[in-house]
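A short write-up of the structure that comes next.
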Amino acid sequence: MNEKKPILVTSPLLPDLQEFNKMLEDIWDSKWVTNNGKYHGQLEEALAEYLKVPYLSLFTNGTLPLITALQALRIGGEVITTPFSFVATTHSIWWNGCKPVFVDIDPATGDLDPDKIEAAITPRTTAIMPVHVYGKPCDTERIQEIADKYGLKVIYDAAHAFGVEVNGRSVLEAGDMSTLSFHATKVYNTLEGGALVCHDAKTKQRIDYLKNFGFAGETEVVAPGINSKVDEVRAAYGLLNLKQVDQAIDARHKVAVAYREGLRGVAGVRYFEDMPGVRHNYSYFPIFIDAAEFGMTRDELYGKMKKEGVFGRRYFYPLISTFSTYRGLPSADPSNLPEATKMAEQVICLPMHHDLSEEDVARVLDSILK
Ligand code: T4K
């Protein structure tokens, strides 16, 4: 029976229902359900502490903090970014009336290649929006050097990088701001949710105005803000999930170790190793298929796995730069993006979550190897 159970790419981390019920009763009693409630405040504080950042603002998803970061920093003109991400990254640039400029990635990490950034800078460039794709930290030092040299802002899309640290320091310290997604499919989730991290109290204040329609007090509106306020139910859920996220990351780590053991030495299959000094969160486990060496194309393997009930995902295929909104941009030309194009054609993200059993992992490996 168990043989036929589908194995999905991810599964949400869910809090204990009894504890959640208790908090729901408390919310019901208080009759304060949204707009900066008690649990909202507690979650902001708890997340800031867990993530080792001083200033964090909760959002209702991981897309609105990207849009708001560009607003808060008053970004216009051109923004350099990666095509190898989820569409929300580039959409946030478009929604701000800016022009995305795609730069190729480093095949060793999947992240924006710092060596290729300078050639894409023009007098209209105002910002760089890199992504710590799969939670693998970007070369933040090199990116900052370039940003400083040209006077550019840096906004990291850290949607995948919850809890990721480099030499004991949060990856969210880098750049001017970083955004997180707490979507149900992420390592840490609040059903839907997200956050924007900045480095000073004044900027956090501006972000908090922006996520509340621009209100600064009862009668004053200081900016054309949006509504991205997190309600008490999701904040309570988030507080409970925070208690078990370390355990979930440990479970994911075990899965990653088992996948690597199972795939080591297999011709035509590449995967990432851990980076020295990095606390990874194992948010995804991408493998890259070289069809000639493996004897099967990525899509053939993807189809075969599905037939066997193993539902990986081709994150991030197709490349953002190939979607109709963006494909006319000069930087979207595939000849400008050879590494991203190749990675998008080779990738399959294997099932990766806290709830995979040893049998599940064995089934995933069998679906690739047998
Ligand atoms: N920046 C980056 C780099 C991102 O990756 C994302 C989102 C964002 C920004 C924007 O953040 P948000 O605004 O979304 O917070 C998913 C997620 O919806 C999306 O959050 C995520 N990235 C993206 C990479 O993946 P889909 O369309 O692939 O999800 P879906 O519905 O196909 O679900 C994937 C698998 O998860 C399914 O096989 C089943 C499982 N699943 C899903 C849900 C929703 C469950 O088991 N339970 C569930 O409730 O986009």
Side-chain angles (χ1 to χ4, degrees), residues 5-15 57-70 79 81-96 100 102 105 109-112 129-138 155-162 164 171-172 175 177-197 211 226-228 230 234 237-238 241 248 252 281 283-286 302 305-306 309-321 323 340 343-344 347-356 360 364:
K5 193 184 93 196
I7 303 179
L8 303 181
V9 71
T10 185
S11 174
L13 182 65
L14 297 169
S57 299
L58 291 178
F59 276 73
T60 49
N61 56 53
T63 303
L64 282 165
L66 286 166
I67 292 173
T68 306
L70 293 164
V79 178
T81 192
T82 168
F84 193 72
S85 181
F86 189 60
V87 281
T89 312
T90 313
H91 283 352
S92 72
I93 298 169
W94 201 260
W95 270 67
N96 274 276
F102 296 112
I105 58 169
T109 60
D111 292 331
L112 201 58
M129 185 180 277
V131 179
H132 302 294
V133 78
Y134 308 131
K136 290 183 75 64
C138 293
I155 299 134
Y156 282 98
D157 181 339
H160 304 168
F162 185 92
V164 172
V171 79
L172 305 171
M177 290 187 192
S178 293
T179 68
L180 291 156
S181 164
F182 305 150
H183 183 257
T185 57
K186 298 292 193 291
V187 169
Y188 168 81
N189 83 89
T190 57
L191 300 171
E192 293 273 354
L196 182 48
V197 170
K211 75 172 211 194
I226 196 108
N227 179 1
S228 196
V230 172
R234 279 201 264 168
Y237 178 106
N241 255 356
R252 286 168 172 268
N281 65 6
S283 46
Y284 296 84
F285 194 92
Y302 182 63
M305 290 169 71
K306 264 189 181 174
V310 176
F311 294 84
R313 288 297 286 265
R314 290 165 293 181
Y315 295 132
F316 289 99
Y317 165 83
L319 281 187
I320 302 174
S321 49
F323 291 126
M343 203 169 255
V347 69
I348 303 179
C349 284
L350 301 186
M352 172 51 90
H353 55 84
H354 62 286
D355 223 6
L356 287 170
D360 292 334
V364 174

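When reading the values below, keep in mind they use all heavy atoms of this one structure, side chains included, and skip hydrogens, waters and symmetry mates. All ligand and atom numbering here is 1-based and tracks the order in the structure.
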* **Protein contact to atom 6 (C) of ligand 1 [nearest heavy atom, distance to 0.1 Å]** => Phe86 CD2, 3.3 Å

* Asked: If you count the atoms of ligand 1 from 1 in the order shown, which ones are under 4.0 Å from a heavy atom of Leu8?
  -> 39 (C)

* So is Ser85 in contact with ligand 1, going by heavy-atom distances below 4.0 Å? -> yes

* Answer with yes or no whether Tyr315 contacts ligand 1, where contact means a heavy atom under 4.0 Å from a ligand atom. => yes

* Asked: Which residue supplies the protein heavy atom nearest to atom 44 (C) of ligand 1, what is that atom called, and how far is it?
  -> His183 CE1, 4.0 Å

* Asked: Closest non-hydrogen protein atom to atom 45 (C) of ligand 1, residue and atom name please, with distance?
  -> Pro12 CD, 3.8 Å

* Structure fact -> Among non-hydrogen protein atoms, atom 32 (O) of ligand 1 lies closest to Arg313 NH1, 2.6 Å

* Structure fact -> of all protein heavy atoms, closest to atom 40 (C) of ligand 1 is Thr10 O, 3.4 Å

* Considering the heavy atoms of Val9, write down every atom of ligand 1 situated less than 4.0 Å from one of them. => 35 (C), 38 (O)

* What closest approach, in Å, do Val197 and Leu172 show between heavy atoms, and which atom pair accounts for it? -> CG1-O, 3.9 Å

* To do: Please verify whether a non-hydrogen atom of Lys186 lies at under 4.0 Å from ligand 1.
  => yes

* To do: With Asp157 as reference, evaluate Thr81, Thr82, Thr89, Thr63 under the side-chain hydrogen bond (donor to acceptor under 3.5 Å, both in side chains) test and give the passing residue.
  => Thr89

* To do: Consider ligand 1: state whether an atom of it lies below 4.0 angstrom from any non-hydrogen atom of Tyr284.
  => yes

* To do: Quick one: look up the protein heavy atom nearest atom 1 (N) of ligand 1 and list residue, atom name and how far away it is.
  => Asp157 OD2, 2.7 Å

* For Ser181, take its heavy atoms, then give the atoms of ligand 1 lying under 4.0 Å from any of them. => 11 (O), 12 (P), 15 (O)

* Asked: Passes side-chain contact (heavy atoms from CB on, under 4.5 Å), Asn281 versus Arg252? Steps please.
  -> CA-CA 8 Å; Asn281 65 6; Arg252 286 168 172 268; over 6 Å; no

* Asked: Would you say ligand 1 has an N or O under 3.5 Å from any N or O of Glu192?
  -> no

* Answer yes or no for atom 11 (O) of ligand 1: protein heavy atom present at a distance under 4.0 Å? => yes

* To do: Could you tell me the residue and atom name of the protein heavy atom closest to atom 42 (C) of ligand 1, and the distance to it rounded to 0.1 Å?
  => Thr185 CG2, 3.7 Å

* To do: Say whether Ser11 and Asp355, considering side chains only, have a donor N or O and an acceptor N or O under 3.5 Å apart.
  => no

* Asked: What residue and heavy atom of the protein are closest to atom 13 (O) of ligand 1, and at what distance?
  -> Thr63 OG1, 2.6 Å

* Asked: Under 30°, 30 to 60°, or over 60°: which ring-plane class applies to Phe182 and Phe162, parallel, tilted or perpendicular?
  -> perpendicular

* Of all heavy-atom pairs between Asp360 and Lys5, which one has the smallest distance, and what is that distance? -> OD1-NZ, 4.1 Å

* **Phe316 and Phe84 aromatic ring geometry - parallel, tilted or perpendicular at 30°/60° bounds** => perpendicular

